[in-house]
Each structure stands twice: as structure tokens, then as C-alpha cells.
Amino acid sequence: MTDITSVLSENRVFPPPAGFSERAHLKSRDDYDKLCAEERANPEAYWSRLATEELHWNQPFHQTLEWKPPHARWFIGGRCNLSYECLDANLDQHADKCALRFEGEPGDTRNLTYRELHAEVCRVANGLKALGVTAGDRVGIYLPMVPEAVIAMLACARIGAVHSVVFGGFSAQALQERMNDAGARVLLTADGGWRKGAVVPLLANVRAAMAAGIPSLKDVVVLRRVSPQPLELEKPEVDWHTWVKTQGPECPPFWVDSEHPLFILYTSGSTGKPKGVLHATAGFGLWTKLTSRWVFDLRDTDVYWCTADVGWVTGHSYVTYGPLMNGVTVVMYEGAPTTPAPDRFWDIIERHHVSIFYTAPTAIRSFMRLGEEHPMKHDLSSLRLLGSVGEPINPQAWIWYRDTIGRGRCPIVDTWWQTETGGILISPLPGLTPTKPGSATLPLPGIHPEVLDTHGKPVPPGAGGKLFITKPWPSMLRTIWGDDERFTQTYFSEQPGLYFTGDGARRDNDGYFWVVGRVDDVVNVAGHRLGTAEVESALVSHLNVAEAAVVGRPDELKGTALVAFVTLKQGVNASDALKAELAMHVSREIGAIARPDEIRFSQALPKTRSGKIMRRLLRDVADGKVTTQDTTTLEDLSVLAALRQEDE
Ligand code: PRX
């Protein structure tokens, strides 16, 4: 197997906007270099200083790190509590400041100050205790994007229970599988949530999952969100409001060991059963707090909106823990981006004066497709920083985001990280990093990524390879719940002792990282291993293309043929002439090697609920096979059926 050939070349550079740097927490390359040098000189002293400064220690740690690859333990002997960190620690200065600014899809709103959030969290924590939940017990959370989702997470953290959030869009089967794997004792849920004007039937799914069997589950607490009538509940369900009503608004935090598990979050592997990624308290807390401040440059006056659902890691690290530890106002929106109209997001930004906006490239591309008239209707002048996460952002979308949403004023932070990394590892620092569209730029101070070839040797600048993190960091996953062997196999067997991200990347002459996507998605064309993200990026840079996914299909002659699935912008007609033009366009942009052998137009692409294109399903479609893959995390099954029909 040769290494990855990178074909994308993007030369535009955008320095931090004038005026941004002076006010930023980290202002200059010098600030960055100093932190990096401090860590290099003495990593343990660096991490120990940060942990001491950032977290409140009920009992100080006596050792910074124990690293027995692949197992790390951080801040050993210390005791802390992240609910305390998010709430109590803010009561001195921010008690009456809005912590959560919620907007439901139907338009209902609710504001919770830090004091109110503290009281709500304590009530729920007391409610959990009343159900017999103790430290280390697992609590499932299957809720819409409502304040109770954040409250539930923090209530668990308050008493040392381990939360496991399951995305509200997942099916009964996916819920059952995850709850059984986690051995959850209690499940916090709702009757439903609002999405695209319809009800997501959460309670019906819970009942189906219970009927299929979750033996560990003793109690189910149900929040009334959508029903106009009081709920008719069945054993062992209890009504949320009745449950908390009798609980007091004070609950002392349970000081947990630094390494005490904070949460399990399931992430679907490319095949097989989902992996329960386990995160530990102190390291996760430290890194999400710090990175929120460094990367989003959080200030007291910020109104911060990350559009991720709490069902994803982004909703843990950068909706809940990171921003609340920094005492900012967090906007939470329940529903779909285009309900009731395509400008809902821009309307929210304008009405709530959002200053920091963090979303995913897939969302940005769908907004591009809808047309710029929707954001243009709104005053977005409150925005001062934009973020992107979840997949490589193609330069076309990056520029659109900058111009149409940021109106050319806001720096963009393209943040690379994973469920497993707990927090952002590679990202621009907005006050000091010149950005290049499509690059996550540089590692944060203390993080050591490397692009290595198949023999574990660093590749020269410009060459592609596999992305590793070569030293432990505080918010790294600790293991896969119940399967430490799989943890070692998945992340530490490619190069023993080094964390393998599963991503392909290259580093340019300035040391910037360019992630080309998952190595599973790399295709071998005539001896070149191409990251499909680059070919996709070339396709979407064509005026008529909204989205593209590229996969390999076995081909007798070439070994692998490139098949591109292309969604066109609204109003563009599909034609053979356009296919030929697109193939030419790719040749021109990145070279004949990447020219697709086949282009298929389709109305939509199969995506996970978090917006990632499911290329493994497309590989089956391209190859004419009936899929045997797990489709439970697919956003919309009809997309797959339509793709097959388009094929016929
Ligand atoms: O392939 C990378 C891509 O998303 C993967 C992690 O996905 P998940 O665990 O669902 O977490 C998403 C939220 C952090 C990575 O292995 N990815 C994420 N962010 C970027 C990215 N690829 C390129 N650039 C990014 N900024």
C-alpha cells in the first residue's frame, strides 16, 4: 500500500481581521509559540499549571500524568466536579446572567440564568438520588434539544453518575442497543420533540426499546414537551415535573476522582457495533474549558451558538461543558434549520444577537444551495467569529461562509477533532493564525499530531499520510466501554503507542494540516491513493454543484474506478453535457488522475444524522450490491431507495 496522494491545492491566505487580534485572549504568534515552548520544555509542568489554574480542586492532584500506552491517567489523586465548574463557579459573578437561551421549533422560548440553571440541575440531581442513582451508575439521556438535556447531563455530573446521551433522532433499536451496552439504570426522556413541524416520537421509541428488552433499566422519567394533555404513563415511567417538583434546589456536588468516568458516547464505527467512547472527568473538563476560550475567544459578553445536537460529542464539549465553564450565554435551538422558513438560523442569529456561530460544513453547503437571499435578509452584524466542525470544509463553502455569513469581517475557525479526542486538537486561533480555506491549520499548544507513512515515518511537506497524535492529551478517550481490547486494536495498533485518528492528512510548507477524510474512504486509482474529500471539493467548486460524494468501484481495468454522486443546485438541469463538463472540471482543478469515471446525479445523498455522507452505502450502490450494512444511523432511508431507482 502506498501513501496518500494529495491533489488539492488552495493558496489563499486570510490573516486575522484587523482589530480582532488586539482584543483576543491569544493575540500573536508569539503567544502561541510561548505556550508550545512551555509544553515542549516540560509537558507535565505545563499541564499541571493549566489544570491548577482552570479547575477547582476539592483535593489537589499529586501526579500530572501516568502514561502506560494505550492507557493514560491524568491529574491523579485530584477530586473535582464539572457541574460545580459549570454552575457554582459562575455564581459569584454571573448568577443573574443568562446561561441558556432556548428557542423551540414552534417559537417558544425560555431563558435560564446561571442561578436558575444551578437550581434546576440540583433538583434533577436530587431526583436521581431519590431513584437510588449513585456515583458510577449509568444514566441514559434521550431528549430533544431542550434545556432539560443540558440539565440532565449536568445533574449526572453533579452526583458522579455517568451519562450516555443517545441522539433523539435514533431509532428504538439503536437506543436499546446503546442502553444495554451501557447497562443504564435510569433513562431520562420526553414524550417527543419538534422537528420540521412534526413530532419525533421519543416515548414511543423508548417503549419499543423497553419491549425489546433493556434489563438494566429500572426507571424512565418522561418530560412533557409536545403533548397538550397530561401524559398517560406506564410502569416504570414517571412524569418529569412531578419527579422534580418535590426536590430541593440545592445538592452538594459529589467530588469525583479526576479519572472518574464522565460520560459514554456511542460513535458508529464503519462496520459493526457502535463503540462506547468513555471520557474521564478532569482531563475532559480542562481541555473543553481551555479550548472553548482559546478557539472561540470567548468573552463575557458573547452570545454563543453551536448548532450541534447534544446527541453528538460537539453537543457535550461545545454546547454544554466548554461554554458553560466559561460563563457565557449559550443559545440552544430545538428544531430544523429551515422550519418554518429557510432563514430560521439567520433569524435566530439576528434576534438573539449571536456573536459566535459554530456549525458543520454540511449545513453550510445546504445553505449555499438554498441561496444567499435568505441570510441577506438579516442583520448579522452581531457575529464576530464563525466555526466549522465535522468534516473537511471545501474551500468553496469556506469562502461562502466567510463572505455571506461573516460578511468578510469574521475569522473562521475550522476545528479538527473527534468524539474520541473529547475536544478540539487542530484549529486556527482566531487572533493569530492566518487561515487557509480548507485547512484546520495548526495543532493547539500541547497537542502533537504527525502525518506518518505506512512505516510510521513522517512524510515530507505536501505528501499525504495517516494522521496520528503522538503524545497523550488530557481529554483523550480512556477506553471503549466494556471492550478495552477493541480500544487498543482500533486506536493503538496501527503504530504501537501512537493514537491513530483514522484520518488521512497532509501538512504543507507552513506546517498546516489538511485533513483529506477517513482513510477508509481513500480510493486507490491507478496506484495513487486519493482522499475522496479532495475530489468532492473539486466537484463542488463547480457553479452548478451543491454536493458531491465520491467512492471507488472495483474495475477490471483500472483496479478502482471513481464514481461521483452529485447533487445539483436548485434549478440546474441534469444532462450528459453537464456530466462531461464536470469530469473536465475535475481534471482541470486537480488533474486527470482524479477525473471521475462515472457521474450520477441524485436528488440527495445518504447521510448520518450528524450530516456525514455514508460513503460505505454509496460504495454498495456504485457496485450494484444490496447493502448488508447497518443503516440505523441513516438520516433518511428513502434516499438510498431513490439512489437505487435512479440507477435503474
Ligand atoms: O474525519 C474527521 C472529521 O470527523 C471525524 C470525527 O467525527 P466525530 O467523531 O463524529 O466528531 C465530529 C465532531 C468533532 C474526524 O475523524 N472531521 C471533524 N472535524 C473536521 C474533520 N475533518 C476535517 N476537518 C475538520 N475540521
Side-chain angles (χ1 to χ4, degrees), residues 4 6 8 10 165 167 265-270 274-277 279 284 287-288 291-292 295 306-319 321-322 358-365 386-395 397-398 401 412-428 433 435-444 447 449 451 464 466-469 475-477 480 490-491 494 499-507 512-522 531-534 536-537 607-616 633:
I4 299 166
S6 180
L8 181 84
E10 167 60 59
V165 183
F167 173 54
L265 182 61
Y266 287 86
T267 171
S268 34
S270 49
K275 302 186 285 259
V277 169
H279 280 287
F284 178 86
W287 195 239
T288 52
T291 50
S292 296
V295 173
C306 165
T307 65
D309 191 279
V310 285
W312 315 121
V313 71
T314 313
H316 289 57
S317 307
Y318 299 111
V319 172
Y321 290 102
Y358 189 31
T359 195
T362 177
I364 298 168
R365 282 193 299 273
L386 302 173
S388 168
V389 60
E391 49 176 323
I393 178 165
N394 50 297
W398 195 101
Y401 197 27
I412 295 182
V413 289
D414 173 3
T415 62
W416 180 90
W417 59 296
Q418 309 177 296
T419 304
E420 294 86 341
T421 69
I424 299 167
L425 299 193
I426 307 177
S427 168
T433 314
T435 49
K436 302 183 188 183
S439 171
T441 76
L442 298 170
L444 296 180
I447 303 300
V451 183
K466 292 179 173 167
L467 181 64
F468 288 83
I469 313 294
S475 65
M476 66 195 287
L477 80 164
I480 291 175
T490 311
Y491 305 108
E494 186 80 26
Y499 173 82
F500 177 44
T501 64
D503 281 359
R506 77 185 155 92
R507 223 174 165 175
Y512 279 32
F513 286 84
W514 298 75
V515 171
V516 301
R518 307 291 298 166
V519 291
D520 298 345
D521 294 332
V522 165
T532 49
E534 295 193 332
E536 290 158 6
S537 178
K607 288 192 190 162
T608 65
R609 314 268 173 153
S610 63
K612 287 192 171 44
I613 294 170
M614 291 178 91
R615 294 184 186 77
R616 59 196 163 89
T633 56

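Hydrogens, waters and symmetry mates are skipped; everything else that's a heavy atom, side chains included, is used. Remember, it's 1-based here, ligands and their atoms both numbered in the order they're listed. Along the sequence shown, residues are numbered consecutively beginning with 1.
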For the residue pair Phe468 and Phe500, categorise the inter-ring angle as parallel (less than 30°), tilted (30 to 60°) or perpendicular (more than 60°).
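Phe468 vs Phe500 ring planes: tilted.
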Would you call the rings of Tyr321 and Phe284 parallel, tilted or perpendicular, taking 30° and 60° as the class edges?
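The arrangement is perpendicular - the two ring planes meet at more than 60°.
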Yes or no on side-chain contact (heavy atoms from CB on, under 4.5 Å) for Val313 and Trp417, after CA distance, side-chain angles and deciding distance?
CA-CA 10 Å; Val313 71; Trp417 59 296; 3.5 Å; yes
Closest by any non-hydrogen atom to atom 12 (C) of ligand 1: pick that one out of Glu391, Lys612, Arg518.
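Checking each option, the heavy atom nearest atom 12 (C) of ligand 1 is found in Lys612.
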Evaluating non-hydrogen atoms only, which member of Thr441, Val515, Asp503 is closest to atom 2 (C) of ligand 1?
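Checking each option, the heavy atom nearest atom 2 (C) of ligand 1 is found in Asp503.
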Do me a favour and list the nearest non-hydrogen protein atom to [atom] with residue, atom name and distance?
{"atom": "atom 13 (C) of ligand 1", "value": "Thr314 OG1, 3.5 Å"}
{"atom": "atom 9 (O) of ligand 1", "value": "Thr419 OG1, 2.6 Å"}
{"atom": "atom 6 (C) of ligand 1", "value": "Trp417 O, 3.6 Å"}

Within ligand 1, which atoms have a heavy atom of Asp414 less than 4.0 Å away?
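Going through ligand 1 atom by atom, the ones under 4.0 Å from Asp414 are 24 (N), 25 (C), 26 (N).
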What atoms in ligand 1 come closer than 4.0 Å to a heavy atom of Val389?
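Result: 13 (C), 14 (C).
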Dump the intermediate steps for side-chain contact (heavy atoms from CB on, under 4.5 Å) on His316 and His279, then the final yes or no.
CA-CA 11 Å; His316 289 57; His279 280 287; over 6 Å; no
What's the verdict on salt bridge (charged side-chain N to carboxylate O under 4.0 Å, His left out) for Glu391 and Lys607, showing C-alpha distance, side-chain angles and the deciding distance?
CA-CA 12 Å; Glu391 49 176 323; Lys607 288 192 190 162; over 6 Å; no
Check whether any heavy atom of Gly390 sits under 4.0 Å from an atom of ligand 1.
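In this structure, Gly390 qualifies as a contact of ligand 1 - some heavy atom is under 4.0 Å.
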Check Thr415 against ligand 1 and report side chain, backbone, both or neither, counting heavy atoms closer than 4.0 Å.
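The answer is the backbone of Thr415.
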Side chain, backbone, both or neither: the part of Pro392 lying under 4.0 Å from ligand 1 by heavy atom
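Both the backbone and the side chain of Pro392 come within reach of ligand 1.
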Residues in side chain to side chain contact (heavy atoms under 4.5 Å, CB included) with Ala533, at least two apart?
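Once residues adjacent in sequence are excluded, the partners of Ala533 under the side chain to side chain contact (heavy atoms under 4.5 Å, CB included) criterion are Pro392, Glu536.
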Checking Thr314 now: which residues fulfil side chain to side chain donor-acceptor pair (under 3.5 Å) with it, not counting sequence neighbours?
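Counting only residues at least two positions away or on another chain, Thr314 forms no side chain to side chain donor-acceptor pair (under 3.5 Å).
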